[in-house]
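Throughout, protein chains are lettered first and strands after them, A, B, ... in sequence-line order, and every chain is numbered starting at 1. Small disclaimer: the values here were computed from a predicted structure and weren't measured.
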2 protein chains.
Amino acid sequence: MSTEQRILEAALRIFASEGYTGATTRRIAEEANVAEVTLFRKFKSKENLLREVLLKNRAAFSSLDHLFQPEKDADIETDLRTLGKNVSKVMRENKEDGRRRMLMFMLFEEGRRRPEVAEILSSVFQMNITRLSEYFELQIKNGKMRNINPRSASITFISYFVYTSLVRGVFGDSFVGENDEEIERFIDIFTKGILKVDDVKTR
Amino acid sequence: MSTEQRILEAALRIFASEGYTGATTRRIAEEANVAEVTLFRKFKSKENLLREVLLKNRAAFSSLDHLFQPEKDADIETDLRTLGKNVSKVMRENKEDGRRRMLMFMLFEEGRRRPEVAEILSSVFQMNITRLSEYFELQIKNGKMRNINPRSASITFISYFVYTSLVRGVFGDSFVGENDEEIERFIDIFTKGILKVDDVKTR
DNA sequence: TTTAAATGTAAGTAATTACTTACTTACATT
DNA sequence: AATGTAAGTAAGTAATTACTTACATTTAAA
């Protein structure tokens, strides 16, 4: 792994966990196992490092395509259950590949303070909503879903995972219990809310 | 208004918007219109000021009781619509009484970094979930709701409002459209998901 | 093996931060 | 008039921060 790469990854971790102001260049350099001066050699300034971190990692934030590959024959509930588990898994990762989670933290924290952060992440962030909306639109057209606003459905769906992930960031696993079961419950509520009444499995 | 009160309110605003590290005592003093030395006279340290801000304001975070007063004759959908609008209104306030929103920001940001923040806000934060769960439990017992996990329903409900509020903090109103309409849509989806099939109004 | 490039070490700069100290002013109380 | 209280001003301390410079060492390339 190149020195730049090491710095970029360390910076993402520290920015996400300490916020921009709290992330000192010294701390980032330590995390990357380089001399602080090397960081400035490679990236010139802290600001620029932040920008590069975001630009280099933004793609990870629009990875719904990767996580959501509906099968032709599966029903909506199964599709969403699979997606829910994938999203949840990805949002629980706090090691190597926890980039989505880290970017989420950065978006909601620094995105409020630094317009550039919001800008860089905005389009990829919204893409997730768009992709899911498209899926819902199709299901509505195919008569499998109620005629509801697809975007609202997407927001409802995604809000659950963002929220539980944020709360987990604060309280750990004490707040949300056994994960798969919780997701099943959410999917149950959600799908009952969006499917046509005919398709609702009576319990 | 007393000098202490002015400082406490200014501190809440600045801590919420800049984060703890980003909130300088100078900035807070300016906001409160006092000399910086006065801040230290009254609160001794920045840390202590943060603690006092949280302790003095935590009650505002458990205000579901205040926002949610179900009427005896109203149905669930109406109850939740009312609650949704109240919560949303409160989460949109970014002036004087925007304490809940500010505390939410602080919980999700500083709560990750400072165990004390999480601790102080934890019980009041969870009370909201508990209150709503109790309401759902009652409705289930009264046969008005499916036999689902009340806590999961509460989390689903609250996650929508937290999420939209956070997103609004980053993107303003461009992300979520006309508010009342959006809430109606969410309530529609949500109630369809939790009510007994008999009670679902066919559309 | 030699040369060039990359990186480290050490020291430093200028600005900023939480906090302190000494003195002053204005008003209230004794 | 003397004293106390509350808050401001100005100056300062010690530590920290982003960043720079000069030289040394290590690594990579020729």
As a check on the pairing definition, encode DNA chain C in dot-bracket form, counting Watson-Crick and G-U wobble pairs whose two distances are under 3.5 Å, and using | for partners outside this strand. ||||||||||||||||||||||||||||||
salt_bridge([X], [Y]) N-O dist < 4.0 Å:
X	Y	answer
B:E30	B:R26	no
B:E31	B:R13	yes
A:E47	A:R114	yes
B:E184	B:K85	yes
B:K56	B:E4	no

Please enumerate all protein N or O atoms sitting under 3.5 Å from an N or O of nucleotides 25-30 of chain D, with distances to 0.1 Å.
none

Evaluate B:T156 against A:R185 for side chain to side chain donor-acceptor pair (under 3.5 Å), listing each step before the verdict. CA-CA 10 Å; B:T156 299; A:R185 291 191 197 121; over 6 Å; no
Whole-Å distance separating the [atom1] atom of [X] from the [atom2] atom of [N]:
X	N	atom1	atom2	result
B:K44	C:dT20	NZ	P	9 Å
B:F43	C:dT20	CZ	P	15 Å
B:F15	C:dT17	CZ	P	14 Å
B:R41	D:dG4	CZ	P	17 Å
A:L49	D:dC19	CG	C1'	13 Å
A:E47	D:dA18	CD	P	11 Å
A:E18	D:dT16	CD	C1'	15 Å
B:Q5	D:dA6	CD	C1'	17 Å

The test is side chain to side chain donor-acceptor pair (under 3.5 Å); show your working for B:N128 and B:R131 and say whether it passes. CA-CA 5 Å; B:N128 290 321; B:R131 284 287 170 278; over 6 Å; no
The side chain of [X] lies closest to which of these nucleotides: [options]?
X	options	value
B:K46	C:dC19, C:dA6, D:dA7	C:dC19
A:F40	C:dC19, D:dT9, D:dT20	D:dT20
A:S45	C:dT20, C:dG8, D:dC19	D:dC19

Name the orientation class of the two ring planes belonging to B:Y163 and A:F108 (parallel below 30°, tilted from 30 to 60°, perpendicular beyond 60°). perpendicular
Which class fits the ring pair A:F190 and A:F186: parallel under 30°, tilted 30 to 60°, perpendicular over 60°? parallel
Output the residues of residues 19-39 of chain B in contact with DNA chain C, where contact means a heavy atom of the residue under 4.0 Å from an atom of the strand; sort by number or write none. B:A23, B:T24, B:T25, B:E36, B:V37
Lys/Arg cation over aromatic B:Y20: B:R113, 6.0 Å, 45° cone: no
Geometric cation-pi criterion, A:R151 with B:F175: 6.0 Å, 45°: yes
D:dA7 phosphate, OP1 or OP2, under 4.0 Å from B:T3 side-chain N/O: yes
Could you tell me whether the phosphate oxygens of D:dA6, OP1 or OP2, come under 4.0 Å of any side-chain nitrogen or oxygen in B:K42? no
When the ring centroid of B:F171 is compared with that of A:F125, is the distance short of 6.0 Å? yes
